[in-house]
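The structure appears below as structure tokens.
One-based numbering along the sequence shown. Every value quoted in this text rests on a predicted model; they were computed, and no experiment measured them.
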Amino acid sequence: MKVKFKIKYQTKWGESVAVKTNEREELIRLAYNVGDVWQGETEIDEDAQYRYCIVGDDDTPLRIETVCMPHIVKGSPAAGGTLTLDDEWRNPQRMAGIAVPVFALRTKGSQGVGDFGDLKTLVDWADTMGMKAIQILPINDTTNDGTYRDSYPYNSISTYALHPMYVDLRQIGGTTDELSQLNELKQIDYERVNIAKRKAITECFKRDWTKVKASDDYRKWYEKNEHWLRPYAEFRAHQNVYDFETGKFSPSLYCFTQYILHIQLKAAADYAREKGIMLKGDIPIGVSRESVEVSSFPELFHTDQSTGAPPDFFSADGQNWGFPTYNWDEMAKDGYKWWKNRMQNMAQYFSAYRIDHLLGFFRIWAIPMSARRVGQELKQSNGVVSGCEGQFQPAIPMSKDEISSYGLHINDAILDGLFVEDFKQKDHFHPRITGQNTETFLNLDDGQRQAFNNIHYNFFFNRNTQYWYQEAMKKLPALTRSNLMVCCGEDLGMVPSCVPSVMEQLNILSLEIENMPKEFGTDFGNPYAYPQMSVCTISSHDTHTLRGWWEDDPQRAQRYYNNVLHLWDAAPKELPGWMNEMIVARNLASSSLLCILTLQDWVGIDETLRYPDALSERINEPANPRHYWRWRMSQDLDALISNDSFNRHIHQLCTSYGR
């Protein structure tokens, strides 16, 4: 339909108002009229989403309506055939929200694992508590070997396909007694649930496929998604793990399953938008090396490398996630189309998203698949090459002459013990991230140790800063401006000093975790000092919950008790509900636009709702690449929705802090 955009906004010199829609990549510039009114006309579909933004002369967005639901084209055209959308600029809103993985959801009708029907119920509960945001973990298909190892939600085999376990069988008439029994378990039995669900989905497929594939809605959906759906379906059909008595299924089974998943997730997403609740998704930094993505687009990946992280809060030995690294040079040739398509696909479901490991767009910790140190095997007991053997890519390596210029007397033993050779440039090197912990370093004299310390510090904290800034600004603008979702970045770890500047320019919200302070040498984050453009929380899926870290580290809990809460007696061994609420209130009082706390930290306020064992509430252990993701909420959502006393209490708590 023909639409006229109209909004009153006082711009600065050199600025203009533009509209960004979910239907096209280019901006729609509006024309200035007397009285600071900006107007413009275009053809756009009903129910299309859009946001207003302020742009400079080169169409670069300078400001955008942030942390709010997008506008939606609604209404009937006037007699002239044009619908006028007379809008107001939406300023940033402080919101409270809840973070919980879909797999952890539980209702009386669930089938052993949370599903997209349960997600709709979660929207109802969030609404009763006055929350305006729901954050989930990745929901893509991770099916690989059919064991509990597939429970790792960040190891996707497709960046588009949704995990079959999220099908709500109640909506398609496929529930079974076995799945009802599995729903009674305290934790997810991933293998049994997925085998039983696949069998039930297969029966629905046999019964309904002829009717579904003949429908106009399915045909339109298939045509729009064929570019990823067909390779994925063929990929899955050739996997041998899930054959039943009749042998391999045709790709049609997987097309059917993805169509059902799309309908159910879209319904939950639309329901959230109707309730004014922002649904926030999660984009993993990597994909499985056994994925349809790597097999379909091998030129986009470096399969001889593995992504991970240097030694950090989670692991003194670093982490090796196993994903291949990206070939960014190849991705740049078509303007990062692979990433844009991925983001636009997510935008049909989510109003906001979290970029997992945002630092990977600046530089990634890359580990050679065959890393070895002379005379020493560098594989951990689980067969994974140690994360300590990585190097940042891209980065500017050092020549031997440059290393010598610092006063370090190099030889083969020094180079092998304190440096790793650059992947691309022979005889160019990176300081070993754990160089100061090696025997080689300890055998140096004081002057030589200081020379290496100077090399180490300069390389990791000064040398590459501008280079990494430029790398991020090549990639991230194309991604963040390809959709209408609010962008949030996980900016944790060894953060280059250029990161905040990039995030500010691109309106990317930072992540502030009280349990993981960014300030070097501090025990806890300070919510009262968090920036406005941020998401704050107490804990995350990668850490202990609030109660968990309190009980796991009594000495740290005592310091928090004295230095943060300003209570002076002995800290309680178990965190009482009233103190849990004090800590929640600190985060609600912050300037952060989004305060999204884990479900465990919210229900920790009420001692009748939380798990008796605080340590069992942890979802993931990042240092363990074989961790079993099986946590489920202790109370079902049906009971929580009917708990008027708790819901009113949380609603009042959020309201009292302006959220």
Steps toward salt bridge (Lys or Arg N to Asp or Glu O under 4.0 Å) verdict (E617, R610): CA-CA 9 Å; E617 292 185 325; R610 61 199 199 182; over 6 Å; no
Nearest 0.5 Å, what's the [atom1]-[atom2] distance between [X] and [Y]?
X	Y	atom1	atom2	result
S590	Q532	OG	CD	10.5 Å
F361	L506	CZ	CG	11.5 Å
S510	L358	OG	CG	10.0 Å
D601	I538	CG	CD1	4.5 Å
T480	I355	OG1	CD1	7.5 Å
I513	S540	CD1	OG	4.5 Å

Can you sort out the partners of F419 under ring pair (Phe, Tyr, Trp, His ring centres under 6.0 Å), two or more places apart, ordered by chain and number?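 Applying ring pair (Phe, Tyr, Trp, His ring centres under 6.0 Å) to F419 gives F452.
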Test ring pair (Phe, Tyr, Trp, His ring centres under 6.0 Å) applied to W602 - qualifying residues, sequence neighbours left out: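 With sequence neighbours excluded, W602 shows a ring pair (Phe, Tyr, Trp, His ring centres under 6.0 Å) to no residue whatsoever.
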Test salt bridge (Lys or Arg N to Asp or Glu O under 4.0 Å) on E574 and R547; report intermediate values, then the result. CA-CA 7 Å; E574 296 183 4; R547 292 174 59 224; 5.8 Å; no
Do D542 and R618 pass the salt bridge (Lys or Arg N to Asp or Glu O under 4.0 Å) test, and can you show the C-alpha distance, the side-chain angles, and the key distance before you say yes or no? CA-CA 8 Å; D542 281 331; R618 184 165 185 167; over 6 Å; no
What are the two closest non-hydrogen atoms of [X] and [Y], and how far apart are they?
X	Y	answer
R463	I396	NE-O, 2.8 Å
M343	M485	O-CE, 3.4 Å
N647	M129	OD1-CG, 3.7 Å
D127	I277	N-CD1, 3.9 Å
I508	C488	CG2-C, 4.0 Å
A268	L119	CB-CD2, 4.1 Å

Looking only at atom types and distance, does a side-chain atom of [X] sit under 3.5 Å from a main-chain N or O of [Y], one as donor and one as acceptor?
X	Y	answer
N587	I583	yes
N320	G308	no
E607	G577	yes
T545	G548	yes
Y326	I285	yes
D115	S110	no
R106	D636	no
D150	N155	no
S534	Y530	no
Q558	A571	yes

Less than 4.5 Å apart, side chain to side chain, heavy atoms only: is that true for [X] and [Y]?
X	Y	value
M278	M69	yes
I596	M131	no
Y469	S501	yes
P311	T434	yes
V584	L597	yes
K518	E512	yes

With a 6.0 Å cut-off on ring centres, are Y148 and Y190 close enough? no
So, W549 versus Y560, ring centres under 6.0 angstrom or not? yes
In sequence, state the C-alpha distance, the side-chain angles, and the governing distance for N454 and R449, and then conclude on side-chain hydrogen bond (donor to acceptor under 3.5 Å, both in side chains). CA-CA 9 Å; N454 292 340; R449 282 200 290 265; over 6 Å; no
In terms of relative ring orientation, are [X] and [Y] parallel, tilted or perpendicular, with 30° and 60° separating the classes?
X	Y	answer
H627	W629	perpendicular
W321	H357	perpendicular
H163	Y166	perpendicular

Give a yes or no on whether a salt bridge exists between [X] and [Y], defined as a side-chain N under 4.0 angstrom from a carboxylate O.
X	Y	value
D523	R559	yes
R586	E514	yes
K573	E551	no

By side chain to side chain contact (heavy atoms under 4.5 Å, CB included), which residues pair with F392, not counting sequence neighbours? P310, R363, W365, A395, F460, W468, M494
When P496 is tested against each of N464, T465, N462, L359 for side-chain contact (heavy atoms from CB on, under 4.5 Å), which residue passes? L359
